[in-house]
Peer 1: 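Structure in structure tokens, see below.
Bear in mind that the values here come from a model prediction, so they are computed numbers and not experimental data. Each chain gets a letter, A, B and so on, in the order the sequences are listed, and its residues count up from 1. We use all heavy atoms of the structure for the numbers below, so side chains are in, but hydrogens, waters and symmetry mates are not.
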2 protein chains.
Amino acid sequence: MSTESPATRDRILDTAERLFGQQGFSCTSLRQITDEAGVNLASVNYHFGSKEELYKGVLIRRLRPINEERIKLLTQAEQLADEQPVPIRSILETFIRPLLRHATAGSAGGIAFLRLISRDLTDPQPFMTAEMVREIDPLIERYTKVLTKTLPGIPLAELFWRMQFTVGGILYAAAHQRDFERISCGLCRGDDLEGCLRRLIDFCTAGLEAPLSDFAGRLATQSGSDAGPVHP
Amino acid sequence: MSTESPATRDRILDTAERLFGQQGFSCTSLRQITDEAGVNLASVNYHFGSKEELYKGVLIRRLRPINEERIKLLTQAEQLADEQPVPIRSILETFIRPLLRHATAGSAGGIAFLRLISRDLTDPQPFMTAEMVREIDPLIERYTKVLTKTLPGIPLAELFWRMQFTVGGILYAAAHQRDFERISCGLCRGDDLEGCLRRLIDFCTAGLEAPLSDFAGRLATQSGSDAGPVHP
DNA sequence: GTCTATAGTCTGATAGAC
DNA sequence: GTCTATCAGACTATAGAC
């Protein structure tokens, strides 16, 4: 009823988001979460039922609004394009910006959620997979449709590969900020999210609309099925 | 002395590579490794001393030959270019091909090592970090030099970002083959490593030599330091 | 709703026989 | 070198007082 101080439930969620992102699900004990959140150990099982349900709660809390905003922005971009193909740069921005925005808007601050989502995609928790598929599949369908319209010359299989590379670039860049500053000798700031967004869009736009190399061109003339392993 | 059957040591390494790649370091118990390898629990500590040393052994076993081959191929490409800039496609190929080749040549077969290296870069084990830096830093220096020569118009900071995206695309694509087949409705084959290599080169070549957008162009006129966070 | 106390399980590591 | 047996510690989850 009263909302005077951060509720136990939210303190747990914020702390769990940070620790799961830093250390992963199985390396983070409930004891560590409750200690750092300043709540009792048993309160996790009271509020969430189990460690796994807590993990689901942490992910869904941000993923759902992010994906809703993506769809909203993409719809706006389509209306703005007025039946014409939506520019790639706009498509990419509707995909990336909500992620970076919500990820940094958390009460825990910083990029805890970016690390977490990157980690969960690289290292999925089995009990979470079904939930993730339900969140992500409609998104894939929607983006595939709009990208196909904008890039009619790129075969669908090729487009899937390039979308895969795009997502990889986004998540890897987002999750490796600390190493990145070291590798670049401080030249690049990992926490420069707005700069990261623009550079990602530059890079991925060029990659998505890249000319097809000879081999890919040959594929494009085929009926649609992808080729198997080829060793020229 | 005799090499008649796969030695205990190698059976442990192969099994550990597969399980660490699938489940991660801390989710994989020594008991599971020894059970599946068909060796005794105590043999791990006899041959490697500890679980952590086993993990190091698994990674270094493949990473060292891969990086040695990268440097060798890059040197060859430079000699072939004869003082001229090495084409980006060639540079990328020297970086990616040894990874895909060694990763699939293991006696465990398949892509176990690709998953493992991707996982370790996303979720580094603290005891492994120093070793990884020692393996990777000379490589970064070498590739930065040759890329700078080929792409003189791209500021160094911008180049670092793009290399980051490139590595992300490579590792993400390599580590998500199963999901990838599902997402593309079977259209793309995740185990098509040669096709993956060529598509990565297409995508990343375009990304690396992409024209600088307005904001990046403004950066390029500055003295060399990267800009801080900008929120236009 | 919040706490203490603890049950029950699994872990990495090692001692010591062979 | 390879085994069995076992230790000491950490974990999740829950029972039950308040």
Peer 1: Could you name each residue pair satisfying salt bridge (charged side-chain N to carboxylate O under 4.0 Å, His left out) that touches residues 39-49 of chain A, not counting sequence neighbours?
Peer 2: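 Sorted result for residues 39-49 of chain A: empty, none.
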Peer 1: Could you check whether T34(A) gets within reach of a base, just the sugar-phosphate, or nothing at all, counting any heavy atom under 4.0 Å?
Peer 2: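 It contacts nothing in the nucleic acid.
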Peer 1: Between CH2 of W161(B) and OG1 of T166(B), what distance do you get to the nearest 0.5 Å?
Peer 2: 13.5 Å
Peer 1: Please name all residues satisfying ring pair (Phe, Tyr, Trp, His ring centres under 6.0 Å) with F20(B), sequence neighbours left out, ordered by chain then number.
Peer 2: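 So F20(B) forms a ring pair (Phe, Tyr, Trp, His ring centres under 6.0 Å) with F25(B), Y55(B).
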Peer 1: Whole Å only: how far is the CD1 atom of I12(B) from the P atom of dG12(C)?
Peer 2: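 I12(B) atom CD1 is separated from dG12(C) atom P by 14 Å.
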Peer 1: Report the distance from atom CG of L30(A) to atom C1' of dT14(D), rounded to the nearest whole Å.
Peer 2: 13 Å
Peer 1: Rounded to the nearest angstrom, tell me the gap between atom CD in Q32(B) and atom P in dC10(C).
Peer 2: 13 Å
Peer 1: Expressed as a whole number of angstroms, how long is the span from K51(A):NZ to dT9(C):C1'?
Peer 2: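 In whole Å, dT9(C) C1' lies 15 Å from K51(A) NZ.
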Peer 1: Would you tabulate the nitrogen or oxygen pairs shorter than 3.5 Å linking the protein to nucleotides 2-7 of chain D?
Peer 2:
from, atom 1, to, atom 2, distance (Å)
dT2(D), OP1, T8(B), OG1, 3.4
dT2(D), OP2, H47(B), NE2, 3.1
dC3(D), OP2, N40(B), N, 3.4
dT4(D), OP2, N40(B), ND2, 3.4

Peer 1: Could you list all the salt bridge (charged side-chain N to carboxylate O under 4.0 Å, His left out) pairs where at least one residue sits in residues 135-146 of chain A, not counting sequence neighbours?
Peer 2: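 Every salt bridge (charged side-chain N to carboxylate O under 4.0 Å, His left out) pair that includes a residue of residues 135-146 of chain A, provided the two are not neighbours, is R64(A)-E135(A), E78(A)-R142(A), D137(A)-R182(B).
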Peer 1: The side chain of N45(B) is closest to which nucleotide in this list: dC11(D), dT14(C), dG12(C)?
Peer 2: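 Selected nucleotide (nearest to the side chain): dT14(C).
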Peer 1: Please list every donor-acceptor pair under 3.5 Å in which a side-chain atom of residues 90-97 of chain B meets a protein atom from a residue at least two apart or in another chain.
Peer 2:
from, atom 1, to, atom 2, distance (Å)
E93(B), OE2, R97(B), NE, 2.9
E93(B), OE2, R97(B), NH2, 3.0
T94(B), OG1, I91(B), O, 2.7
T94(B), OG1, Y143(B), OH, 2.9
R97(B), NH1, E194(B), OE2, 3.2
R97(B), NH2, E194(B), OE2, 2.9

Peer 1: Roughly, in whole Å, what's the span from CZ in F48(B) to C1' in dT14(C)?
Peer 2: 18 Å
Peer 1: Could you list the residues that satisfy salt bridge (charged side-chain N to carboxylate O under 4.0 Å, His left out) with D35(A), not counting sequence neighbours?
Peer 2: none
Peer 1: Taking CG from D35(A) and P from dT4(C), how many angstroms apart are they, rounded to a whole number?
Peer 2: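 Those two atoms, CG and P, are 11 Å apart.
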Peer 1: Atom CG of L19(B) and atom P of dT11(C): how far apart are they, to the nearest Å?
Peer 2: 13 Å
Peer 1: Rounded to the nearest angstrom, tell me the gap between atom CG in D10(B) and atom C1' in dG1(D).
Peer 2: 16 Å
